[in-house]
Amino acid sequence: MIRTATPADVPVIHAMVRELAAYEKALEEARATEEQLREALFGERPAAFAHIAETDEGEVVGFALWFLNFSTWRGVHGIYLEDLYVRPTSRGGGHGKALLRELARICAERGYERLEWSVLNWNTPSIDFYESLGARPQDEWTVYRLTDEALAELGARG
């Protein structure tokens with residue numbers, strides 16, 4: 001079962017974010033707090049959205065956290081999937097596909113023309129899964145990122 005996340009889900013979402021970071025070998029970079037997630041998802045001006053995957057017994061086994069992006073070429077919003085995670089003991093049960101199906105449904109319902117995400121180059125199980133659904137890599141683009149000192153330094157330049 002896929003459902004929209006509620007404020008009561010924040011602790012389990014936070015726990016799964018940390019599980020995902022550990023899987024991606026970057027736990028030290030996962031500094032978000034439950035309070036930050038709560039504000040981003042359910043604050044006065046939500047900046048992100050989440051869906052939860054549950055078993056028939058109501059156990060939370062996965063989540064998708066996403067936000068809107070915008071294509072100047074298409075002239076419409078799209079969804080950027082920040083995190084998709086299914087706990088290892090529940091993989092292969094269709095939860096990840098169901099989460100992506102829900103996001104694709106939202107795109108179709110709202111007239112969004114893109115559903116995009118990033119995947120680590122070494123994560124072949126995820127790459128194989130995404131490609132089995134018809135997703136294709138955008139090899140002609142390279143992601144750049146400013147963080148920490150470099151971000152602060154650039155922002156301080158007047």
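One is the number of the first residue; the rest follow in order along the sequence. Worth saying up front: this structure is predicted, and the values here are computed from it rather than measured.
Heavy atoms only, all atoms of each residue included: Lys25 and Trp122 are closest at NZ-CH2, 3.7 Å. Nearest heavy atom pair, residue Gly58 against residue Glu54, reads O-OE2, 3.6 Å. Across every non-hydrogen atom of Ala104 and Leu115, the tightest pair is N-CD2, 4.1 Å. Taking all atoms of both residues into account, the shortest heavy-atom contact from Ile13 to Ala5 is CD1-CB, 4.0 Å.
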Practice prompt. In sequence, state the C-alpha distance, the side-chain angles, and the governing distance for Asp9 and Arg38, and then conclude on salt bridge (Lys or Arg N to Asp or Glu O under 4.0 Å).
Written response: CA-CA 9 Å; Asp9 293 312; Arg38 185 172 285 104; over 6 Å; no

Discussion item. Show, in sequence, the C-alpha distance, side-chain angles and deciding distance for Lys97 and Arg101, and conclude whether the side chain to side chain contact (heavy atoms under 4.5 Å, CB included) test is met.
Written reply: CA-CA 6 Å; Lys97 185 175 183 178; Arg101 181 178 288 125; 3.3 Å; yes

Item to complete: Go through the steps for Asn69 and Glu116 under the test side chain to side chain contact (heavy atoms under 4.5 Å, CB included), then give the verdict.
Response: CA-CA 9 Å; Asn69 59 17; Glu116 298 179 316; 3.4 Å; yes

Item to complete: Give the C-alpha distance, both sets of side-chain angles, the deciding distance and a yes or no for side chain to side chain contact (heavy atoms under 4.5 Å, CB included) between Leu65 and Leu41.
Response: CA-CA 9 Å; Leu65 193 144; Leu41 293 168; 4.2 Å; yes

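Other residues sharing a hydrophobic cluster with Phe67 under the 4.5 Å side-chain heavy-atom criterion for ILVMFWY residues are Tyr80.
Note: the hydrophobic cluster containing Val17 does not contain Val61 (ILVMFWY, side chain heavy atoms under 4.5 Å, direct or indirect links). Leu99 is connected to Leu103 through a chain of hydrophobic side-chain contacts under 4.5 Å among Ile, Leu, Val, Met, Phe, Trp and Tyr, so both are in one cluster. Under the 4.5 Å side-chain heavy-atom criterion for ILVMFWY residues, a single connected hydrophobic cluster contains both Leu20 and Val10. Grouping the Ile, Leu, Val, Met, Phe, Trp and Tyr side chains by contacts below 4.5 angstrom, directly or via other members, places Ile79 with Phe129. By the criterion of side-chain heavy atoms lying less than 4.5 angstrom apart, applied directly or through intervening Ile, Leu, Val, Met, Phe, Trp or Tyr residues, Val76 is not grouped with Leu68; the two fall into different hydrophobic clusters.
Taking the six-membered ring wherever Trp is involved, the centroid distance between the rings of Trp117 and Tyr85 does not fall below 6.0 Å.
Residues Asp56 and Met1 form no side-chain contact, since every pair of their non-hydrogen atoms from C-beta on lies 4.5 Å or further apart. Annotation: side chain of Leu84 is in contact with side chain of Leu100 (closest heavy-atom distance under 4.5 Å). At a threshold of 4.5 Å between non-hydrogen side-chain atoms, the residues Val12 and His14 do not count as touching. By the 4.5 Å heavy-atom criterion applied to side chains, Arg114 and Ser71 are counted as neighbours. Within the 4.5 Å cutoff, no side-chain heavy atoms of Leu27 are placed close to those of Glu19. In this structure, the side chains of Asp83 and Phe63 come closer than 4.5 Å at one or more pairs of heavy atoms. Counting heavy atoms from C-beta outward, Met16 and Arg87 have side chains that approach closer than 4.5 Å. Between Phe42 and Leu37, every side-chain heavy-atom pair lies at or beyond the 4.5 Å cut-off.
Counting non-hydrogen atoms of neighbouring residues, nucleotides and ligands closer than 6.0 angstrom, the CG atom of Asp128 exceeds 12 such neighbours.
Here the straight-line distance linking atom NE2 of His77 with atom SG of Cys107 works out to 11.5 Å at 0.5 Å rounding. To the nearest 0.5 angstrom, Thr4 atom OG1 is 9.5 Å from Ile52 atom CD1.
Taking the centre and axis of the six-membered ring of Tyr23, the NZ or CZ atom of Arg91 falls inside the cone set by 45° and 6.0 Å.
Applying the side-chain hydrogen bond (donor to acceptor under 3.5 Å, both in side chains) test to pairs two or more places apart or on separate chains, those with a residue in residues 131-150 are Arg31-Asp148.
In this pair, His51 and Trp66 present their aromatic rings parallel. The plane angle is below 30°, not in the 30 to 60° band.
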